[in-house]
There are 2 protein chains.
Amino acid sequence: MADSKPLFSLDGNPVAAEALLRDVFGLVVDEVIRKGTSASEKVCEWKEPKELKQLLDLELRSQGESQEKILERCQAVIRYSVKTCHPHFFNQLFSGLDPHALAGRIVTESLNTSQYTYEIAPVFVLMEEEVLKKLRELVGWSSGDGVFCPGGSISNIYAVNLARYQRYPDCKRRGLRALPPLALFTSKECHYSIKKGAAFLGLGTDSVRVVKADERGKMIPEDLERQISLAEAEGAVPFLVSATSGTTVLGAFDPLEAIADVCQRHGLWMHVDAAWGGSVLLSQTHRHLLDGIQRADSVAWNPHKLLTTGLQCSALLLQDTSNLLKRCHGSQASYLFQQDKFYDVTLDTGDKVVQCGRRVDCLKLWLMWKAQGGQGLERRVDQDFALARYLVEEIKKREGFVLVMEPAWQAGESGLQRKAG
Amino acid sequence: MADSKPLFSLDGNPVAAEALLRDVFGLVVDEVIRKGTSASEKVCEWKEPKELKQLLDLELRSQGESQEKILERCQAVIRYSVKTCHPHFFNQLFSGLDPHALAGRIVTESLNTSQYTYEIAPVFVLMEEEVLKKLRELVGWSSGDGVFCPGGSISNIYAVNLARYQRYPDCKRRGLRALPPLALFTSKECHYSIKKGAAFLGLGTDSVRVVKADERGKMIPEDLERQISLAEAEGAVPFLVSATSGTTVLGAFDPLEAIADVCQRHGLWMHVDAAWGGSVLLSQTHRHLLDGIQRADSVAWNPHKLLTTGLQCSALLLQDTSNLLKRCHGSQASYLFQQDKFYDVTLDTGDKVVQCGRRVDCLKLWLMWKAQGGQGLERRVDQDFALARYLVEEIKKREGFVLVMEPAWQAGESGLQRKAG
């Protein structure tokens, strides 16, 4: 029958299209998965921008190109890209390649849907909830809320917006001019998204009060107290503290119990930016580094970092059970979130976020977890710590290297011990 | 040599890992690309949430599962997901499947990098700039700036933030309390992200002044004038108008020339939300619907809608050449954007956005464009219009159907003609 032809018969040749996809996949297996992860190959074939531009022939023209040419283009793209899956790639926090996560990403791309309603993403709406529930359990919460965000910065910014809305719901309608001046607190070692977020949300970077960190990069709770008093004396209303579990540069874990005490005393929203450190919660041996995280109001956790699920996989987790996410961000668009659907419309999670269309980010983590099990993932995290310790010992042994600082997690320190000390 | 083993030898069996990926890819070809695009198959095998949960067995456990089991899980995920590539899928604006775009997405996922610096994404930094340049040319700009965003909502919100910053740079540091009350303008048919954005940015939804639309859903420029006067009379400072090229529900194209005249008269930032209509610029026949777009300050354009590149592919384009994006959003994080790198650091585009890590969204569009050429993409857009006309004529002929409204683009209307009229 005529109308059962694949859609891309538009291009005249569905067999060729399928063949192209098979060829490209073969290329990915050979050049990325096999060679890209081999230590005997280069991490990157470096080219200066000018030369690379010529090599790639980037210009977009009127005429299309042959399948053969397109395959060559894919080859060139791979050849000159950095192999972030390479064992010698250390530049960023998301190195490595997990085949199950990649399988999940390929399925995600082929299904190409948006996470906003059950009718359009039935599997992924249920799956996202299950994955978030599991992450919340590891934080220590038996209930709560959450959502996957396009990166940890957006998760952090959402947290600040939620804290602001919870205290001043009127802000959503009337804006910041209706509010007293606000103040939020984070350490000088925090991720830069906190200041970016303050600017973006209209609070201004001046509203971010920078708390001192100790020599290891951990927030000093006594200085947090001091900064809160100072802000109040200047007429500002403190509303949020953002602690960091795994600072970007020094890998420091803020003392969460002591910070939670301060937040409790002053009635402040406690956010934990655990973008890279969150995955440590999987390890029975090392999770003490995040002791106190269960007292937070919100947690940002990016499994695309330590767990190598692939960019992007960034969960924002909330202890809240009052539908705060939807109340704060929702606008009840009637064309998308009809209330008379033939299923339970609380499954339509799209109004929890500021985005409209939202990528599916749960499948890669879910599939990897199913394959490895929590135990397998725990072994990986423990192995990461073992490798860090190995590196430290090697540095100490070798001439020409100087150990600038012992990793905090090897010195037996944790939030709890700090509090006791 | 021992260290040339692939990374996932951690899991004990690299051959099995590669075999799994091959199996999953075979599944994608058979179940999504072949069956999913066939009109003789179902768009969706619908299940109620409760039943679907049981069928999927979503729970994440301690024990891992066999490769065979993982393959079955992928099968189930695909089986119960909506086939957005199916010819009978009409629920959202991103239906269809382009094999070249999908090839680009698979390569993107396998390379797994972040768009923020040249050293980590040399190919994609240059490619993004080339793709944005091409999109700007279609808008009518020979220079400018831009960035891919996680969805059109974020693009729209960025535009509002940029307009605010351009007028009041002090806002970044001191926040909205240092500013007079602001007002922005959009039609009642606009996308809901404008109001969401106003709330998120701390302006409050009250700052959004809703302009009347005509019976076709197009903004009425005379009412825009009226709303601006009204806002000023109430003591607010107008700073931005968001026009829509292709409204979500009625598919209306706002009269951009007339709106540009108003913006020029009052010195307001003109943003065009062309998330779905932007791709019409590729068609010589229909691009008059966006006449006047070249006078905008910013344009949001999602090739993942009409051009089927796959979620997400959302460009924010700017006419600005003063580095406004980076000045507005940047924070010069010293650990990531070092100024003493051995290449031109203006290639490090990460500080143009509020995100830190950012997905690569340019390759799928670039590869599809290379394969189809501008001509091929133009034919597609024209075919979409032809199909819409076909639907209208069929509705008119058939009993039991009523045509509620003629599509605006078929009645020969355009921004220019409206202005002349």
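Each chain gets a letter, A, B and so on, in the order its sequence line appears, and its residues count up from 1.
Between A/Phe25 and B/Val28 the shortest side-chain heavy-atom distance does not fall below 4.5 Å. In this structure, the side chains of A/Pro122 and B/Val82 come closer than 4.5 Å at one or more pairs of heavy atoms. Between B/Val77 and A/Met127 the shortest side-chain heavy-atom distance falls below 4.5 Å. The shortest side-chain heavy-atom distance between A/Lys172 and B/Lys196 does not fall under the 4.5 Å cut-off. Side-chain contact between B/Lys134 and A/Leu58 is absent, with no heavy-atom pair separated by less than 4.5 Å. Between A/Tyr192 and B/Cys356 there is a side-chain heavy-atom pair separated by less than 4.5 Å. You'll find the side chain of A/Gln355 reaches within 4.5 Å of the side chain of B/Pro150, heavy atoms only. The shortest side-chain heavy-atom distance between B/Ser114 and A/Gln92 does not fall under the 4.5 Å cut-off.
Taking B/Arg174, B/Lys195, B/Arg22 one by one and counting their heavy-atom pairs under 4.5 Å with chain A, the maximum is reached by B/Arg22. Per-residue counts of heavy-atom pairs under 4.5 Å with chain B were compared for A/His191, A/Lys69, A/Lys83; the largest is that of A/His191. Note on A/Cys171, A/Ser331, A/Gly152, A/Ala178: by heavy-atom pairs under 4.5 Å with chain B, the leading option is A/Ser331. Between chain B and the options A/Leu111, A/Val32, A/Val360, the largest number of non-hydrogen pairs under 4.5 Å is found for A/Leu111. Most heavy-atom pairs under 4.5 Å with chain A, from the set B/Ala198, B/Gly197, B/Pro180, B/Cys74: that is B/Pro180. Among A/Gln63, A/Glu378, A/Arg359, A/Arg61, the residue with the largest count of heavy-atom pairs under 4.5 Å with chain B is A/Arg359. Here B/Ala371 is the residue among B/Ala371, B/Gly310, B/Ala103, B/Ala199 with the most heavy-atom pairs under 4.5 Å with chain A. When the candidates A/Arg173, A/Glu130, A/Lys47 are compared by the number of heavy-atom contacts under 4.5 Å with chain B, A/Arg173 comes out ahead. Annotation: maximal heavy-atom pairing with chain B below 4.5 Å, among A/Thr113, A/Val24, A/Val107, A/Ile154, occurs at A/Thr113. Heavy-atom pairs under 4.5 Å with chain A peak, among B/Gly204, B/Cys44, B/Gly104, B/Ser62, at B/Ser62. In terms of heavy-atom pairs under 4.5 angstrom with chain A, the leader among B/Tyr343, B/Tyr165, B/Trp369 is B/Trp369. No other option in B/Arg105, B/Gln332, B/His329 has as many heavy-atom pairs under 4.5 Å with chain A as B/Arg105.
Going from atom CG of A/Leu367 over to atom CD of B/Glu65 covers 9.0 Å, rounded to the nearest 0.5 Å. If you take CD on B/Glu109 and NZ on A/Lys364, they are separated by 6.0 Å, rounding to the nearest 0.5 Å. Expressed to the nearest 0.5 Å, how far CG of A/Leu21 lies from CG of B/Leu97 amounts to 8.0 Å. Within the model, atoms CD1 of B/Ile120 and CZ of A/Phe94 stand 5.0 Å from one another, a figure rounded to the nearest 0.5 Å. Distance check: B/Leu102 CG to A/Asn112 CG gives 8.5 Å after rounding to the nearest 0.5 Å.
With a 4.5 angstrom heavy-atom cutoff, B/Asp344 does not touch chain A via any of its atoms. With a 4.5 angstrom heavy-atom cutoff, B/Leu377 does not touch chain A via any of its atoms. In this structure, chain A has no heavy atom under 4.5 Å from any part of B/His304. Both the backbone and the side chain of A/Leu56 have a heavy atom closer than 4.5 Å to some heavy atom of chain B. There is no contact between A/Glu41 and chain B, counting heavy-atom distances below 4.5 Å. Interface remark: A/Phe124 contributes side-chain atoms only to the contact with chain B (heavy atom separation under 4.5 Å). Heavy atoms of A/Val131 lying under 4.5 Å from chain B belong to its backbone as well as its side chain. Interface remark: A/Leu363 contributes side-chain atoms only to the contact with chain B (heavy atom separation under 4.5 Å). With a 4.5 Å cut-off on non-hydrogen atoms, B/Arg164 touches chain A through its side chain but not through its backbone. For chain A, the nearby parts of B/Glu119 are the backbone and the side chain; heavy atoms of each come within less than 4.5 Å. Proximity to chain B (any heavy atom under 4.5 Å) is shown, for A/Asp57, by both the backbone and the side chain.
The residues A/Arg177 and B/Asp206 are annotated as not salt-bridged, no charged nitrogen and carboxylate oxygen being separated by less than 4.0 angstrom.
Listed for the B/Lys370 side chain is a donor-acceptor partner under 3.5 Å among the backbone atoms of A/Glu59. With hydrogens and angles disregarded, no donor-acceptor distance shorter than 3.5 Å links the side chain of A/Ser193 to the backbone of B/Val354. B/Ser153 places no side-chain N or O within donor-acceptor distance of the main-chain N or O of A/Gly357, the cut-off being under 3.5 Å. Between the A/Glu18 side chain and the B/Val29 main chain, no donor and acceptor come within less than 3.5 Å of each other.
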*Apply side chain to side chain contact (heavy atoms under 4.5 Å, CB included) to the pair A/Tyr80 and B/Leu126, showing each step before the final yes or no.*
CA-CA 12 Å; A/Tyr80 300 113; B/Leu126 299 178; over 6 Å; no
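Here the closest non-hydrogen pair linking A/Pro49 and B/Leu347 is CG-CD1, 3.3 Å.
Ring planes of A/Phe200 and B/Tyr158: perpendicular class, angle over 60° (limits at 30 and 60°).
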